[in-house]
Amino acid sequence: MEDAEKGSQQHPDSVPEVGEDAVTSVGPSPPPPAMTEEERQELQEELVKVEDEIQTLSQVLAAKERQLVDIKKRLGITPLNEFKQNITKTWQEVTTSNAYRRTSETLSQASLKATAAFSNVGSAISRKLEDVRNAPTFKSFEERVETLKTKISPSASNSNPDISSPTTESLLSPPEGSPTQETPMN
């Protein structure tokens, strides 16, 4: 603490740095320039006058704001309506901007190119599926499925109407009256 006091005593005429607060500057602030009592009285009167004007202007502003609210209320303008109008106006400004138009055009062109690409991919897939369907391996598989299908469910013209044809359900379920085998539970 003593070192700090010695340092300030060694440099009593130090210059405060730029931006340093006047309160923290070294030494007391110089007294205001010498004024006559008359000049001081005039400044006091001017100060009171300016403060009164500020107060009057504040009151006038508050009255105008109340008048504004009343007029808007009578016109049916609500804060929500004002917000909607601001949004609409902003959207119109955005959509008419050059940047928006250029971006929109670029996206339209990209969309057309993407549509063409997807169409080409779809056509290629269709051709490949057709090639697979026409391949001999697939034909052989298809014939086997058809053969199996006709063996499982013969057509009605081949069967005797007096004898019912077995269905998948009758083949899977045990005959009526037959004992079912149950597994013992542990």
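This one's a predicted model, so the numbers in the text were calculated from it and none came from an experiment.
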Study note, to complete from the structure: Value for CD (E142) from OG1 (T147), rounded to nearest 0.5 Å, stands at 10.5 Å
Review point. For I54, does its backbone N or O pair with a side-chain atom of S58 as donor and acceptor, under 3.5 Å?
Key: yes
Practice item. Find the distance between OG1 (T36) and CD (Q41) and round it off to the nearest 0.5 Å. Key: 10.5 Å
Donor-acceptor list for residues 89-97 side chains, cut-off 3.5 Å, not counting sequence neighbours:
| unit_1 | atom_1 | unit_2 | atom_2 | d |
| --- | --- | --- | --- | --- |
| T90 | OG1 | N86 | O | 2.7 |
| T95 | OG1 | W91 | O | 3.1 |
| T95 | OG1 | Q92 | O | 3.1 |
| T96 | OG1 | Q92 | O | 2.9 |
| T96 | OG1 | E93 | O | 3.2 |
| S97 | OG | V94 | O | 2.7 |
| S97 | OG | Y100 | N | 3.2 |

Study note, to complete from the structure: Heavy-atom closest pair (E82 atom, K72 atom, distance to 0.1 Å) is OE2-NZ, 2.5 Å
Practice item. Only one of E46, R40, E38 passes side chain to side chain contact (heavy atoms under 4.5 Å, CB included) with E42; say which it is. Key: E38
**Study point:** From L75 atom CG to N81 atom CG, the distance as rounded to the nearest 0.5 Å
**Key:** 11.0 Å
Review point. Can you tell me how far CD of Q109 sits from OG of S104, rounded to the nearest 0.5 angstrom?
Key: 10.0 Å
Study note, to complete from the structure: Here the gap from Q85 atom CD to I87 atom CD1, rounded to the nearest 0.5 Å, amounts to 11.5 Å
Point to revise | Check: P136 main-chain N/O paired with S140 side-chain donor or acceptor under 3.5 Å | key: no
Practice item. Locate the shortest heavy-atom distance separating R101 from N98; write the atom from each residue and the value. Key: NH2-OD1, 2.9 Å
Practice item. Show your reasoning for whether side chain to side chain contact (heavy atoms under 4.5 Å, CB included) applies to I71 and Q67. Key: CA-CA 6 Å; I71 291 171; Q67 183 182 6; 4.0 Å; yes
Practice item. Given side chain to side chain contact (heavy atoms under 4.5 Å, CB included), test K73 with T78 step by step and report yes or no. Key: CA-CA 7 Å; K73 186 187 284 185; T78 63; over 6 Å; no
**Study point:** salt bridge (Lys or Arg N to Asp or Glu O under 4.0 Å) involving D52 - partner list, sequence neighbours excluded
**Key:** none
Check your understanding: Tell me, do T103 and L107 make a side-chain contact under 4.5 Å, heavy atoms counted?
Key -> yes
Review point. Got a second to check how far L129's CG is from N134's CG, nearest 0.5 Å?
Key: 11.0 Å
